[in-house]
Every structure is written in structure tokens, then in C-alpha cells.
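The sequence lines fix the lettering, A, B, ..., with proteins before strands; numbering per chain opens at 1.
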Amino acid sequence: MVNPVYIIAVLLSVSFLLGLFRKPGSDFARLAALITLAFPAIVSVSWLLQFLGEPTSPFIIYTAGSVPPFSINLKMGIEEAFLTSAVNILGFFGFLYLYRTFKESGVSAVVLFLVLVMGLNVVIMTRDIFNLFVFLEITSIALIGLIFLKKDINAVSAGFKYLIAVSVISTILLLGIGFIYYFAGTLNIDDFVSKNSGAVKGMSTAVFLVIIAVLLELKPFPANGWGLDVYQSAHPGISAMISAGMATASLFVLYKILPFGAVYWMQIIAAVGVITFVGSNMLGIAQKNANRLLGYSSIGQIGLMVGIIGFSPMLGKHLWMVFFGLFISHFLAKAGLFWLSGMIGKENIKSWSVLRKQPLLLIAFGVFAFALIGFPPFPSFFGKWQLVMDLAAHGQFGWIVAILLGSMLEGVYLFRWLGYAIKLDVEADQKLDLGIEKLIPVGVFALMLFGASHFAIENVPGGLTLNLIPVYFILLLFVLDFLPAKIKNSIAILGMAYYAWLLYPSLQDDTLRLVFAGIFLVGGVLTLFAGYSVKGKRAGFYPFAIMMYAGLIGLVEAKNLLQFFFAWELMTLGSYVLIIRGKKSLVHAYNYMLFSLGGAYLIFLGMALSVAGQHGLSLSLLNTTHFPGWAYTLLAIGFLTKTAALGLHIWLPGAHAEAESDVSPMVSGILLKGGAFGLIVLFLAMGAEKAGGHPLLYALGWLGAITAVGGNLMAVFQEDAKRLLAYSSVGNLGYILFAFAFMTNVGWLTGLTYSINHFLFKTLLFLAIGGVVMRVKTHNMYEMGGLIKRMPWSFIAVLIGIITLAGIPPLSGYAGKWLFYNAVITKGWYFQGAMVFFSGTIAFLYCFKLIYSIFLGQEKDKFRKVKEVPVWYILPQFILIIGIMVFSARPDLVLKPIGALLSQAGYFPTDPLTWENVTASTNLGYWSGYKIMLVIGVMFVTLLTWLLVMSRKAQKVKQFNIVYSGERPFTPETTHFSHNMFAPYYKALGFLTIPVVTSFWEGVNSTAHAFADSFRKIYSGNGQTYIAHILAYIIIVYLIIF
Amino acid sequence: MKYFNIEYISMATGLFLFLVGLWGIISQKNIIKIIISFSVLDTSIHLILVSIGYIRNKTAPIIDGVVSKTDAATKIVDPLPQALVLTAIVIGVGVTALMLTYALRMYSENKTLEINKYKSLKW
Amino acid sequence: MELLIKIGFVLLGLFIILNWGLIMAGIIRKIIARVSMRRGIKIYQPYINLIKNYSIRSQLSHGVMFYLGPVFRLSGGVGIFLFMPLIYGSEIWNNFSFTGDLILIAYFMFFGMLGMALGAGEGGHPYSAIGISRGLAQFTAIEVPFTLALLSLAIQYKTLSISEIVAMQQGGIMHWTLFTNPVATIAAMLSFLGAMGHSPFNVVMAPQENPIGPPTEYHGTFLGVLQTNRAILHVIEAVLYMNLFFGGASSWLELLVKSFFVYFWSVFVGMVFPRFRVDQSIPWMLKIPMVLGILSIVLLIF
């Protein structure tokens, strides 16, 4: 192994030598510096590999020929090896990124850069606090010198403010160090700790000065305006070095000097960190300038890591895993984002849409954004997971709430930004600065995130139980994204089918899970069929479609909480990207994401509460939680964001309506069942039948009923066909929620029947309507009309769909209704039941409007030539119709085993439903799907035959041949009664559809933004104000501590 | 009269200058004056450090004719703080020079040294 | 063989009901005319209309769904008949009620409505669509008190089987639901007014003015089918209410008499009250009838 001291030696000597090469042209100097920078990277990585390979004791480097405390010593342990590797890799790629910039700036900047990297290395490795001070100063000076890379006055003035602030802070640090020496008589960290010098009288103030100075270096909220200005104005390549490099070193300094302080210091540090995390992200939401926003985000993320260091007594042996997860995500992502910002070269976050010119960069942006927020499979997901779990184990729920709140706020701006990049128009004259030296660092850092994920998964408790096969399949699809859509479609379908085949044996006996697995996988395959009609590559579609399905199926497979949450987030991520693909989906996908994120965090919190005080991660911990009231309520609300219960539904209509034609059925017919399955898991945990009287369930029952009425009523007044179906989904999920909340055997059968039916008919309807919309290029139903003649197959599909939806016998919708009545009456929820029934009749209104406005009535001139929808849309529809028919005729095939499972597995022992062949009966009533179908079928055919005989001479007439008060209408537009069809109904009941919920959430949104916007005014831009902030911060923290 | 001796006086002076420096940094509007205030601040720390290392009735830690190698430990003041101060002075000079460079650049761009005029970055 | 006999009796029952429906329509119209100081039609006029319509030669079709609409409609009417037990204690006259219970009938009513709505929709006449939209809108409100009453009955009798509900009302007039659960009966009978589509709830068809409503475009055989259905449906709906609230019928005579009076209730009210607009009828249904429905349940629970 190369002695790490050579890192310093080489960097330092090359820096000096480069000074000689001013004249012969800086090309050589730059190249020499780049090669030199590779050296420390290789050295530290090799140390890291050695430590990873076999745990050995740290390597100590002595200087000046004597041992500490009489001389300065450096240490190279696994922690140092890791962090210096990070810093040196960043140094190498950061230099590479700036390679062209350095040509303009000359050799001195190159030298400064080398000094910067060297300083960071020493800061990490040194064990002497004065040495620490010196090299912190050297690093700062080098860094501030590098700010000169950008010549404009903003950068210069920001640099000056930064310099003044850092100087004041380091003065305080020096003061503290002096006093530490005065009281302890040593400057060596290990010596100090081993002598237990912290106990010396008068030491606490000295330690306070040192620790507060280091904290201030880490830019705690709100004393951090000086940092923000530099982030905003410096060259992004330098900002990357500050955010990733400087912060790394400073964090480790904080970690090193922690043993100086007393135990309660930990709480202060944790508080400083978490307040910074929440506060900085809060103010970030009002920010539009990309670099400054990245600054806010950096400060927030670093705050979170400070918090983790403060939490270290609670994290115990997980400290490094948690720190690793969050640190590496921030490190790689933030550096990458700053670099991207440099390539874009514009200030406003809206300009980032230019990334679409280079899809790989857009993917990199997505990877960085998702890694920052903490989506799987990125390391931050695992870091945050373990952090929250450990905090929960110590009962620190307040901190968990704060951390999740901060993450949520971070999501608010990051997803707005990502959305802009994906959806906004590219400004015409905008160019991307695409040097190869800039692309490589971004690409490498994005890839390294995946490598880091691998480590995180291996080290998080329970991580090895994760099923990563789907994740690898998704990655494969990313790699294969260059192929034509048809081939990828086949791969995706085959993959899912194969997975279904693999999975089947393990779920065979668990019919409950089997049903959902069936919905997810069979539904997935069917909806993918429609993708065959897409021409071209359809870039970026398949990985995310499969990701959503992988998440969904992961929910079913999940045996422990980590698996469940992993799957849940995977599903959210995939579906978000699918939804945002729609043409006008920007704001809807954003809403979807925010609600999903909020919901996910509530679920997370609920899980944390469940785990608190228990061991392990098994899903069954939910059953035995010590905080049932809170945990169950939080979990329920979390799942309800996905099922779009009234109050949390406002994201759904737009998201489902504006999605692509074949995405709508995926997200509406199938994705929503993910939320339903979550509810099932929750309800099972609540303890089956004995929880039937739980007030939460009672509340959820009412919520379901209200959602059913509200959703259906809003659907009635839509003019947009897909929005109508979307609102109908809100209503139908209300039924499902209502049914599951019964917590009785029949209630659950009802819920499952509804779930299956909703899957069948909503997928069918969305496929059919999606196909129609694709052909006629409008969502407005009143613009269509008379399409039955052009699209007879679609008409049949829609007809079957709405008959099922409406619950009209003989189709399977009726099975749900019949079970529903039995459930309502046995449970005694009459009024809620009546409301749900009322909503069922409301469903007729929109069913009629849907099929009539589109397929019947008057055909419009412009659609006289439209063709039937592609066969790839029709095919899955008719498979679904077959499914409906089978389920209608033989509901016992599905319901009987489920009923048996529900009673035998002990979920709901009392099973009032008995089956006699195909006749189901309870002590209330009976129903025989098969016979009903037979009777109605025979009768229908008989009557049809009779009418055929009677009116055999009927003559087909043309469109306008109607009785019209002696006149002959000739414009289809004025003869097609469709727009505002239910005006009188609106007059009677429209007051129920006033969008109070939307107004409420808009209020929340504008209040938060207004708050953030006014609070960030404290960053006045005046350098002296920032210094005053720093001093005030010191005084306040001092007063709190002493 | 216990406190009227050299180490307390220098320590007190140091602390006083520390406050003066800080006050100057936040109250003076002129950038040059701010830099001067920083120098005062920096110097105050040097003073404090030196007084920390001072031991009464001992001499400077220079091994020459007066102090031989063998009795150095009993005759000299603590040498370490003085070494620290030397280093700190060097760093202070570097920082001050950098500050002045910035001041120069700022002046040449905007023709003013009022720190209030450099507020275009905010919020 | 058993099945054939069964089908034979079912057809016979259907024939009786159809004829009774036609005769009853004639009688009612005669009564209405006399009340409004007119001579009125002949009692057998509905037969004449029916025969005329079936034998009209010129027939126009707007398309497949237009054609299927009346079939759906008649299937709806006949279907309810098929699932309805007619005579208490008679295996033969129970039709196919063994396949499903009250809920089946409640939902099968939609079958005809929907099919008709679609058929009329393909006719392309805006008046049809207007009528349908009004009808469906009004229907949602009409169903509310009825549902509440049904739930009340289910609580009271602990069954959803019509035959059993009838069985439990046997043994004297005081055992009828009318007396054992008067509030539910009132709620249901108010709902019945809407279901029958007489004034004040007849804006759907608006029979006095220009033709409006689903049948606007239907004529000839199609209209004949619709008229057939209406005759069957009116009787069979009255039979449903009779079964649920008025003790059912133990003989055909009882059935005919009771169904007449149940049906006559809606005519009687219609003679007295003027027509509601849709936006008036919906709030009306959601006021007193709904409150009565809720009350009927509350009374049973507590």
C-alpha cells in the first residue's frame, strides 16, 4: 500500500512545480494536473479496497519523527479511506469537468485546485486540531481563490462575503483551539479523548467554540446566506466542489471532534442538523434560480447528515450505513446536478428543459433527483429507512416527523423542477455545453449511484431479503432502450409472463394475494399489448412501466416492511414517470407525486411507529404495534392517497385523464389496486374480525361512502371522456374502501369482487376510450358522436364495460352489488350503504353520457373517415370481456376459494356465505350467477328473434332522417345533445361538487410558498447581515446549551 | 492586584480587541474598513494565544546562549502556542491578501467599496 | 320435461299479466278522462294501438343499437317478471325467482332502462337524449327512498327473498308491512310515484306536449314492443310493491285487485298534482321521502 502521506506530497510538489510551467503553455500543466489527481484517487481507493477486503486496524502516519501528541499524525482507517476516496474521485472528475475552463484561467487556478484537493485530504486524515484549522483555512483560501474562475461581479462579491464569513468562523475556531490547549494541554484528538480532557473545568466553553465553528462551516440554517450566494454565483464546477467536497471534509471534522463534547451536545447537533434540513428545504420551495436552489438543497442535505452525526448514539452500529446511504447520494447527486447546471448555463430552473435534447442527460437528472429524495434503489432510500427505524426504536418520533417533513419539502421543489425538465418547451436558441470532459463526470457519477446502491442494499438490515430480480430486469430494459418499441414490448410481456409463472407456485394457496397478483401481472400483460400499436422507439417507457408493475407485484410478495416499502416506492417512481409522459401531464404528474410522496411518508411513519419497541422487520409487527391508534391511522391515510379517497383525490382525474392512451388503463385499472392492497395489509394487521368495531374503520367506512358519492357525482359533470372515467375510479375506489372497512367475511368478498370488477371494466373502458381518443384526437365527448358505425368493436367493449360498471345483471358487476347488500345488512351500516347505493345510480348518468356522447347520437363530419382503433387495443379488450363473462357466469370459481381462505386462515372465521354449485346464499338471500345469465340470455335471444321476425322489413335510414318538428336538421353539432347534458342535475345537486378540497390544497400550497417567500428575505444579500446571523446563531446556541 | 499582571492584561486586551474586531466587521460599511477590522480580530486571537502559552518569569523559547538544550524545559514559556501563532499569522496574511484582492476586483468592477452596494444576490 | 312445464306456466303468467296491463291502462285512462270531464277512450283502445303498431308496414331503423333498444327494454320488463314470485304458496307461479332475490330485481330494472337509453340514443334525436338524461337524473333520486325502505324491510324481516317477505306477511291484514312498518311503506310509496312516471314526475316523457323522451324516434313494431313492455312493467312493478308492502297475493284475483290499487295510487296523485321539473323533483325526493326512509331504519335499529 502506498503511504497516504504521498497524496499530500505529490499534490503539493506538483503544485509547486506547475508554477514553473507558466510560460510553455498551460496545456501541459492541465494534463499534468489531471494525471496527478488520478494518483490520490487510486491510492485512497486501494486503501478502501483493502479495508473492505479484510478489516485491519487503521494505518497511522507519524510526522517529524516523533509520536503524538508531540507531533502531528494522520490516520488512514476505513472511514478516512472511504471519504478520501470520495474526495479524490470528486477531485479528479471535478478537474476533468473544469478542464476547458482552466485553459482560460491559466495555471494558478490549476494550482489552487490541486491545493484544494490536498487540503481536503489532510482535513480528513489529520488527528491534530490545530493542523485541522490550518488545512481548513488552506482549503478555504484555495476554494475562494477558485471562485475567481467566474469573473462577474456577483461571483466576486459572493466570494468576498464567503471569505469574511469563513474568516470570522475560523477565528472562532482558532480561539476555541487555543483554549482547548490551555485547558487540556494537548492538540491531539486521540490524546484529548483518552485523557478524558472534556471533564476539565472551563473546558466546555472551549469545546463549544470549536464545535460551533465547525457547525457554522457546515452552514446551519438560518446562518448560511453567505453559502447560498456562493452556490448561486460561483462556477458550477466549483459549487460542486463546495457542496460535495468541502461538506464531506467538514462533516468528518464534526464527527472527529464529537467526542470532545458532552452527551447532550449530540442533541444540539441533531437539532441544528434537522432544523437546517427542514428550514432550508422549506425556503427552497420558493426558489426559481437553479444554482441557488441547489444551494438550498445542499445545505438541507448536509444538515440532515449533521443530524445523523448528532443521532449517532441512537444509530449505534448502523451509523455508518445510514451515513453512507445519505452521504453518497448527496455527494454524487449534488455534484452531478451542479455539473449539469454548468452545462445548461441558464439560471431559471425552467431552462432545464433543454436537457431533453440529450436524453441521457435527462436520465442523469432524473437519477440524481430521485437519489436525493430517497427513492429506491438509491442508497439514500436505505439510509433514510434505517435512520427512521433506529430513531423509532428510541422513540424519537418528533425527529422522524421533522425529517420526513423536510424530505417532503425537498420533493416539492425537486419534482417541480424535474417536471419542468421533462415537459416544458425547449427554448429555441438554447444550447447545451456538451464537452466530452463534462459528459464523463456526470455519467460516471450517475453510474456510481447504482454501484453505491449495491453497497447500501448489502448493508441495510433486511436488505438481502429484497427481491432484486425485477430491478435487474428494469435495468436491462434501460440498456435495451435503443431497440424498437415492438421488440421491447415483447420483452416486457415475456418477462412479466415468465415472472407470473415463477411466482404462481408460491402464491397458489394464498388466494387473497393471488387475486391481486393476477390483477397486477395479467393486467400488466394485457395493457402492454396495446403498446404494440406504437411506432418508433418509445424511449423511456418500458423501464418505468415494468418498474410500476415490479413495485405492485413486490407489494404482494412482501414479507417484511422493508420489502413492502421498497416496492411501494418503486411503484410510485415508475407510475410517476408513466403519468408525466402525457402531453399535458406536467401539473398532474406533479400533484400525483406530491400526494404519493406525502402518502409514502405517512406510511413510513406508520411503519416506524409499528416497529418501535419491537424486533425485526416482519410485516406481522403491524399486528402487535405498541401504538395502534397512530400507526393504523397514519398507514390508512397513506394508503388512501393512492386510492384517492375524497380529500386526497385531486391528483387523480388529471393524472389519469391526461396520461397516454395505454397508460391510463395501467394507472387506473391496475395501479389503484396497489393502494387497495395496502389497505388489505393494514386491515389484516388490525386483527381481522375483532377490529370490526374500531373507530378508524368506522371513519373509513363513511369516508368510502362519501368518496363513492363525491367521485361519481363529479364524473357526471365532466365533458372530458377520460376525466369522467378517472372520477369514476375515485368513486369506485370509494366502494372498495367501504367494503374492506366492513371487516367481515362478506364485506371482504364484496371488496375483492369490486376490486376484480373494477380492474376488468376500468381497464377495458380506458383501453377502449383511450383508443377512441387516440383516433379522434380530442377528449371532449361532445365533439364526438355517432362513432358506433366507425368503431363497432370499441362500442361493444364500452357497452360491456358500462354494464359491468353499473352492476346490472347478468354481468359480474351485479355480484358485487349483491354481496354488498348482504354485507351492509349484516354489518348494519345502513346509511353509508344507502349512500353507496345512491352513488351506484349516479353512475348510470355518466355511463350513459359516456357511451351515448361518443358512440351514439349524431356523427360529426370530421370523423366520418376515422378508423376502428388498432387491433392491439381491441385484443386485450376482448380478453377482458371474456374475463368478465367467465367471472359473471362462474363467480364461484374465484369467490369460493377466497371465502374459504378468509374463514380458514382465521381472518374472518364466520362465513355466512354458502355455495351450492353456482348458487350463493346467505341467510338473507341468494343469487345464482350462472342461472341468471341463462334465463336472461334465453329471454333476450327469444325476444330478439321475435322482433326480427316482426320488423323484418325495417329499412335503414340516413343520419338526419328523424322527426324534427317538420324541419330537417343538418348540422350534427347542433343536433347532438351532449354538452352539459345533466344541467338540471347540476342545478339540483351540483352544490355537492364545489371543489372545496381543491381550494383547500391550493390554500396549503400558496400559504407554504408565501411563507417560504417571505422568510427567505432574511438572506438580504448584505455580507454584514450574514455575519450578524452567524454571531446571533452562536449566542443563541450558547444560551440554549449553558 | 492579582489581575494586573502581564498574562491577564494581554488576555483581556485580546478579548477586547476580539470584540472590537467583530464590531468593526458588522458595523463598518466600507470594505477596506471591514478588512482592517478583520485584521484586528485576527490579531486579537494571536494575542490571546500567546498569553495562553505564557508562563510567568520564563523566557522566550529560543535555544541559544541563555537557554541551553538541557534546561529548556524549566526556563522557557510553552513554545507551542507561539508556534501556533506564527502559523496563524501566516494564514492571516494570506487571508487578508485574498480579501484585498477581492476588494480590488470589486472596486474595479463597480467603483464602490460600500458593502451595501453588493446585494444583487439575495433570497 | 319439468322445465318445459315450467316454461309453459311462465308464458301463461306473462300472458295474463300483459292482458291485465293493457286492460288496466284502458281503465285508468278512462278514469282520468272522466275526472277531467271527458268521455275518454274505449277500454280496449290499448289493444287497438298495440295491434296497429305491430302491423304498420313502413319501418325505419337507425342502426343496430337502435334495433336492440326495444329488445333490451322488453327483456328488462319480462326479466323482472321472470324473477318475481307472483302467487304466495304456489310453486308454479313463482317463475324463476329461485335464481335471485330482491336485489336482483332492483338491479335488473336498470337493464331495460339502459338498453332503451342506448337504442334511443342511436336514433340521434336530441329529444330522446334530453328525455333520457332527465329520466336517469330523476331516477337516481327516486331510488333513494326506495333503497332505504328496502333496507328497512331487510332489517325487519332479516331476509332479501321476496317469497319469504311475503310469507311473513301472511296471517291477516295487520301483518302487512303497511302496518308493521308504516314509515318504510310511505317512503316506498312516494318513491313509487316517481317510478311510475305519472305527474308530477312525468317530465321525462312529457306526454302532453311535443313528443319527447326515449321513444321519440320509435314507431311501428318498435313502439309496439315498447308498449308491450310498458303494460307488463306497470303491473309487475305494482306486484313488487304488493309483495313487499301489502301482503302479497295468494290467488290471481287478489293479485289483480291489489296491483290495480297500487298502480292507481300513482294515477290518483298524478291527477291532483302538476308536473315537477327535474331540478325540483330531485330535491323533493331527497327531502320528505328520504327522511322517512331514514326514519324507518332508525326506528328499527333503536
Side-chain angles (χ1 to χ4, degrees), chain A residues 786 788-789 799 803 806-809 814 817-818 821 824-825 828 830-831 833-834 837-838 841-842 844-845 848 851-852 856-858 923-928 931-932 935-936 939-940 943-944 947 950-951 953-957 959 961-965 975-977 981-982 984-985 987-989, chain C residues 54 57 59-63 65 70-71 74-75 78-79 82 96 99-104 107-108 110-111 114 117-118 121-126 129-130 132-134 136-137 139-140 143-144 147-148 151 154-155 158-161 210 216-217 220-222 225 277-279 282-283 294 297 301:
Chain A
I788 181 173
K789 299 197 172 58
L799 180 61
I803 290 179
I808 297 173
Y814 173 68
K817 303 283 179 191
W818 183 81
Y821 266 88
V824 166
I825 292 165
Y830 306 110
F831 303 119
F837 175 81
F838 178 51
T841 59
I842 296 172
F844 280 107
L845 303 190
F848 173 69
I851 196 166
Y852 165 78
L856 305 173
Q858 298 293 344
N923 47 13
L924 283 169
Y926 47 88
W927 147 70
S928 168
K931 290 183 192 163
I932 291 172
V935 170
I936 293 174
M939 172 184 68
F940 191 85
L943 291 174
L944 180 61
L947 185 71
M950 295 297 290
S951 65
K953 286 176 198 150
Q955 180 189 353
K956 269 202 81 130
V957 292
Q959 183 172 4
N961 198 337
I962 53 176
V963 186
Y964 206 72
S965 307
T975 320
H976 188 52
F977 175 76
M981 184 182 252
F982 294 108
Y985 205 60
K987 205 170 169 188
L989 294 177
Chain C
Y54 275 120
R57 277 190 216 153
Q59 306 209 18
L60 305 176
S61 166
H62 287 273
M65 199 62 222
V71 182
L74 186 55
S75 297
V78 175
L82 290 178
F96 291 108
T99 52
D101 48 28
L102 186 50
I103 307 301
L104 178 64
Y107 274 89
F108 200 67
F110 301 127
F111 188 83
L114 185 75
L118 297 182
E122 202 183 14
H125 201 297
I130 291 172
I132 295 161
S133 79
R134 287 177 179 176
L136 288 173
F139 191 73
T140 62
E143 282 290 296
V144 171
T147 310
L148 290 166
L151 285 169
I155 303 166
K158 297 188 178 51
T159 180
L160 287 167
S161 156
N210 284 335
T216 309
E217 269 298 292
T221 311
F222 301 114
V225 169
R277 288 200 311 264
V278 172
D279 53 306
I282 292 171
I294 292 173
I297 293 177
I301 307 177

In terms of heavy-atom proximity below 4.5 Å to chain C, should [X] be classed as side chain, backbone, both, or neither?
{"X": "A:Leu944", "answer": "both"}
{"X": "A:Tyr814", "answer": "side chain"}
{"X": "A:Leu943", "answer": "both"}
{"X": "A:Ile825", "answer": "side chain"}
{"X": "A:Phe982", "answer": "side chain"}

Leading residue by heavy atom contact count with chain C [cutoff under 4.5 Å; candidates [options]]:
{"options": "A:Lys931, A:His976, A:Lys817, A:Gln858", "value": "A:Lys817"}
{"options": "A:Thr975, A:Asn923, A:Leu989", "value": "A:Thr975"}
{"options": "A:Gln959, A:Lys956, A:Lys789", "value": "A:Lys956"}
{"options": "A:Gly925, A:Ser951, A:Ser928, A:Ala834", "value": "A:Ser951"}
{"options": "A:Phe848, A:Trp818, A:Tyr852, A:Trp927", "value": "A:Phe848"}
{"options": "A:Ile808, A:Ile962, A:Leu845", "value": "A:Ile962"}

* Under 3.5 Å, side chain of C:Asp279 to main-chain N/O of A:Lys987, donor-acceptor pair present? -> no
* Counting distance only, does the side-chain N/O of A:Gln955 pair as donor-acceptor with the main-chain N or O of C:Leu60 below 3.5 Å? -> no
* **Criterion side-chain contact (heavy atoms from CB on, under 4.5 Å) on C:Phe108 and A:Ile936, from CA distance to verdict** => CA-CA 10 Å; C:Phe108 200 67; A:Ile936 293 174; 3.0 Å; yes
So for [X], is it side chain, backbone, both, or neither that comes closer than 4.5 Å to the heavy atoms of chain A?
{"X": "C:Leu118", "answer": "both"}
{"X": "C:Leu148", "answer": "side chain"}
{"X": "C:Glu217", "answer": "side chain"}
{"X": "C:Val144", "answer": "side chain"}
{"X": "C:Ile130", "answer": "both"}
{"X": "C:Leu74", "answer": "both"}

* Asked: A:Pro809 versus C:Phe111: any side-chain heavy-atom pair under 4.5 Å?
  -> no
* **Heavy-atom side-chain contact between A:Tyr830 and C:Ile301 under 4.5 Å** => yes
* **Stepwise side-chain contact (heavy atoms from CB on, under 4.5 Å) check, A:Ile932 with C:Phe96** => CA-CA 9 Å; A:Ile932 291 172; C:Phe96 291 108; over 6 Å; no
* **Between A:Tyr985 and C:Thr140: side-chain donor-acceptor atoms closer than 3.5 Å** => yes
Nearest-0.5 Å distance, [atom1] of residue [X] to [atom2] of residue [Y]:
{"X": "A:Leu947", "Y": "C:Ser75", "atom1": "CG", "atom2": "OG", "result": "10.0 Å"}
{"X": "C:Ser133", "Y": "A:Met981", "atom1": "OG", "atom2": "CE", "result": "6.0 Å"}
{"X": "C:Ile132", "Y": "A:Leu856", "atom1": "CD1", "atom2": "CG", "result": "9.0 Å"}
{"X": "C:Leu104", "Y": "A:Tyr926", "atom1": "CG", "atom2": "OH", "result": "9.0 Å"}

* Could you check which of C:Ile282, C:Val278, C:Thr147 has the highest count of heavy-atom pairs closer than 4.5 Å to chain A? => C:Thr147
* Structure fact -> If you tally heavy-atom pairs under 4.5 Å between each of C:Thr159, C:Ile103, C:Thr221 and chain A, the highest tally belongs to C:Ile103
* To do: Start with the C-alpha distance between C:Leu151 and A:Phe831, add both sets of side-chain angles, then the distance that settles side-chain contact (heavy atoms from CB on, under 4.5 Å), and finish with yes or no.
  => CA-CA 9 Å; C:Leu151 285 169; A:Phe831 303 119; over 6 Å; no
* Asked: Is the gap between the ring centers of A:Phe844 and C:Phe139 under 6.0 Å?
  -> no
* To do: Evaluate the side-chain contact (heavy atoms from CB on, under 4.5 Å) criterion for residues C:Glu143 and A:Phe837: first the C-alpha distance (whole Å), next the side-chain angles of each, then the deciding distance (0.1 Å), finally the verdict.
  => CA-CA 9 Å; C:Glu143 282 290 296; A:Phe837 175 81; 3.5 Å; yes
* To do: Search all heavy atoms of A:Ile788 against all heavy atoms of C:Glu122 and return the closest pair with its distance.
  => CG2-OE2, 3.3 Å
